[in-house]
Colleague: 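To start, I am sharing the structure in question, which I have written as structure tokens.
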Amino acid sequence: MRVHGRLLRALVPAGAALLTAGLLAGCDAPAPSPAAPSPASASGPSDDGASGTARQAAGTPDWKRCEAPEGDSAPGPDWRCATVEVPLDHSKPDGATIGIALIRKEATRKSRRLGSMLFNFGGPGGSGVAVLPRAAAAYEHLNTRYDLVGFDPRGVAASSGVRCRDDAEQEKAYREIDMTPDTAAEEAAFMGDGAAFGAGCERLSSAVLPHVGTANAARDMDLLRSALGDDTLHYFGVSYGTELGGTYAHLFPERVGRVVLDAVVDPTADTVGHARNQAIGFQRALDNYFTDRGEDPGAGTRRLVELLRRIDEKPLPTSSGRELNESLAVTGIVTPLYAKRSWPSLTAALAEIETEGTGDRLLALADSYNGRDEAGHYDTQSHAQRAISCADSTARPTVAEARALLPEFRKLSPVFGPFLAWDTAGWCASWPVEGERDTPEASAPGAAPILVVGTTGDPATPYEGARRMADELGKGVGVLLSNEGEGHGAYGESRCVTSLVDAYFLDGKVPEDGRSCP
């Protein structure tokens, strides 16, 4: 199982403009992709599937000028888009296929080109095709010698993106479902909404839903590596992208090139373990926020708990006519904790509530996280996120098991603990597809050194997960680089980390294991 779904989102590094979840996944990807799997070519090469060895991709991508996403502008003349067909079911390489959407910006110093660099910015469910052009300024130095390549993993956006409900149903759920139920009726509604969401996914995305797991996405990456003409995979994975990268390294250790994993998912944690990690991580970030403001963290936390209690009893009005309920308020508080430079937006939102008694700012933060635009349209990142998470995890905690976690989780985080404890049961409730495993496998004996970057103040993927990932990859493979700082991700935030990562990718210089950046 991966990091807990509702409190993890795709990430854009600091070198680019900070994009909220709504911007990260709110636009359709430029490259077209079939809405449903298509028959495979009878002449296509084979794949043994069971061993994890991906078949050789047929031909090379047909790069074309990218079309403008709906409601947005095209990414610019330097970018080209393509679609690569891969098996829908890797155990049936001659069966139906699915199109994986790609976007590329070629290396600017072609005489010194090292190959392609594939990116995944997290989620799961984030669109690499949409995000990479917006983030590319952060990777300008790497772009001198690498083609920058983003892709939509299977089940995401232009790669047969999973859809589970419409905007009206999404709005109704955010308005009516209490994510921290206090009564039997609220518990029933909470679990019922989880089951209804899964049923909607099965109804609208039945062909792809059983095949969207991380292991299949990793097998797709090996096909993309081959299609791009590289003997080994050069890869930059952030947040959930670190789990995808670790899975690739486990399946294809001999094909690992230069790989960086930043803001690392703990590969040893199961569903409850990830929820526990995030309760600790977000409370740590909240404590640091209060300390930075000169407020006692304990007093600040108690103030927020009381505010949430009042909002649960009586939601706050907003100028739009919508109300800020407790669940949306928790999401709004979470959003600015991803990066220290966003902390002032949380201060402003809380000040509005105290002085005006309205929740406009906090609702706007929640909307950005939930992928809602001003017209009331929701993106589908959360749909793909849940589908991938539940396809990966065998865990299906019950209401009773979630309720039993409440005392521990409230102690870990009075603000976020209840939300995360209940989410263990609601996230994959009555899911129509069985999960694959308890925890991901990341051991990669024989692989080239992989740089694992952890930030001590990371709220969503706490630092401890980076240590565990480095250990799981194995001695001589996992190389830990620690960033002493705040925020979800270090590249572009820390000059020290950025310099070491660039030297690793461009010159093959592997930092000393255990090095720390102040």
Side-chain angles (χ1 to χ4, degrees), residues 1-3 5-6 8-10 21 24-38 54 83-92 95-103 118-131 150-165 170 197-224 237 239-241 243-245 247-248 265 371 378-393 427-428 431-437 440:
M1 175 60 185
R2 67 190 74 293
V3 165
R6 287 193 178 94
L8 184 64
R9 59 179 176 144
L24 288 176
C27 301
D28 293 334
S33 177
S38 59
T83 299
V84 170
E85 295 292 321
V86 301
L88 175 66
D89 184 342
H90 279 279
S91 69
K92 300 177 180 178
T97 64
I98 185 173
I100 304 299
L102 301 173
I103 190 167
L118 214 60
F119 288 81
N120 184 284
F121 294 101
S127 167
V129 173
V131 171
F151 71 106
D152 290 352
R154 56 174 55 216
V156 175
S159 298
S160 295
V162 171
R163 292 182 179 272
C164 303
R165 56 176 35 159
Q170 196 90 325
F197 192 96
C201 295
E202 186 175 35
R203 183 177 68 254
L204 298 174
S205 303
S206 59
V208 71
L209 202 62
H211 305 287
V212 296
T214 297
N216 283 328
R219 295 184 178 100
D220 293 343
M221 286 207 306
D222 200 56
L223 296 181
L224 299 181
S239 195
Y240 161 76
E243 182 179 330
L244 180 57
T247 300
Y248 180 90
V265 173
Y378 287 90
D379 66 46
T380 58
Q381 179 174 330
S382 64
H383 303 207
Q385 185 179 40
R386 195 183 300 198
I388 294 167
S389 298
C390 298
D392 281 352
S393 176
W427 190 241
C428 296
W431 196 254
V433 175
E434 291 186 4
E436 182 177 336
R437 57 182 183 246

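Residue numbers start at 1 and run along the sequence shown.
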Colleague: Between I388 and V156, is there a side-chain heavy-atom distance shorter than 4.5 Å?
Modeller: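 Side-chain contact under 4.5 Å: yes.
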Colleague: How long is the gap from CG on L118 to CG on L244, to the nearest 0.5 Å?
Modeller: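 Output value for this atom pair is 8.5 Å.
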Colleague: Could you grab the distance from atom CZ of R219 to atom OG1 of T247, nearest 0.5 Å is fine?
Modeller: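 Answer for the CZ-OG1 pair, R219 versus T247, is 9.5 Å.
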Colleague: Quick one: does any side-chain atom of D152 pair with a main-chain N or O of A101 as donor and acceptor, under 3.5 Å?
Modeller: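 Looks like no, no N/O pair under 3.5 Å.
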Colleague: Apply side-chain contact (heavy atoms from CB on, under 4.5 Å) to the pair V212 and V162, showing each step before the final yes or no.
Modeller: CA-CA 9 Å; V212 296; V162 171; 4.2 Å; yes
Colleague: Between the side chain of S393 and the main-chain N/O of S389, is any donor-acceptor distance below 3.5 Å?
Modeller: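 Not a single qualifying donor-acceptor pair exists.
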Colleague: Using every non-hydrogen atom in the two residues, find where V208 and S160 come nearest and quote the distance to one decimal.
Modeller: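 Closest approach of V208 to S160: CG1-O, 3.9 Å.
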Colleague: For I98 and P87, work out which heavy atoms get closest and say how close.
Modeller: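 That closest heavy-atom pairing would be CG2-O, 4.2 Å.
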Colleague: Do D89 and S91 have side-chain heavy atoms sitting under 4.5 Å apart?
Modeller: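 In short, these two side chains touch, coming nearer than 4.5 Å.
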Colleague: Closest heavy-atom contact between S239 and G122?
Modeller: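 Heavy-atom minimum between the residues: CB-CA, 4.2 Å.
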Colleague: Whether the T214 and Y240 side chains hold a donor-acceptor pair (N or O, under 3.5 Å, no angle test) is what I'd like checked.
Modeller: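 Present: a donor and an acceptor within the cut-off.
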Colleague: For a quick test of reading the model, state the closest non-hydrogen atom pair linking V265 to E243 and the distance between them.
Modeller: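 Closest approach of V265 to E243, heavy atoms only: CG1-OE1, 3.7 Å.
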Colleague: Could you give the distance from SG (C201) to CZ (R165), rounded to the nearest 0.5 Å?
Modeller: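 Nearest 0.5 Å value for the SG-CZ distance: 8.5 Å.
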Colleague: Go through the steps for S382 and Q170 under the test side-chain contact (heavy atoms from CB on, under 4.5 Å), then give the verdict.
Modeller: CA-CA 10 Å; S382 64; Q170 196 90 325; 3.4 Å; yes
Colleague: Show, in sequence, the C-alpha distance, side-chain angles and deciding distance for R154 and V86, and conclude whether the side-chain contact (heavy atoms from CB on, under 4.5 Å) test is met.
Modeller: CA-CA 9 Å; R154 56 174 55 216; V86 301; 3.7 Å; yes
Colleague: Between N216 and H211, what is the shortest heavy-atom contact and its length?
Modeller: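 Residues N216 and H211, closest heavy atoms: ND2-O, 3.3 Å.
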Colleague: Do you see a donor-acceptor pair shorter than 3.5 Å between the side chains of Y248 and D222?
Modeller: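 Judged by distance alone, the side chains do pair up.
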Colleague: Within a strict 4.5 Å, meaning less than it, do heavy atoms of the L223 and V84 side chains meet?
Modeller: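 In short, these two side chains do not touch, never coming nearer than 4.5 Å.
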Colleague: Pick out which of R386, R203, H383 makes a side chain to side chain contact (heavy atoms under 4.5 Å, CB included) with C164.
Modeller: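 Only one option passes, and that is H383.
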Colleague: Which atoms form the tightest heavy-atom contact between N120 and P153, and what is the distance?
Modeller: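 Scanning both residues completely, I find the closest heavy atoms to be ND2-CG, 3.6 Å.
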Colleague: Begin from the C-alpha positions of E202 and V433 and carry the test side-chain contact (heavy atoms from CB on, under 4.5 Å) through to its verdict.
Modeller: CA-CA 9 Å; E202 186 175 35; V433 175; over 6 Å; no
Colleague: Are side-chain heavy atoms of M221 and F151 found at a separation under 4.5 Å?
Modeller: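 M221 reaches F151 side chain to side chain.
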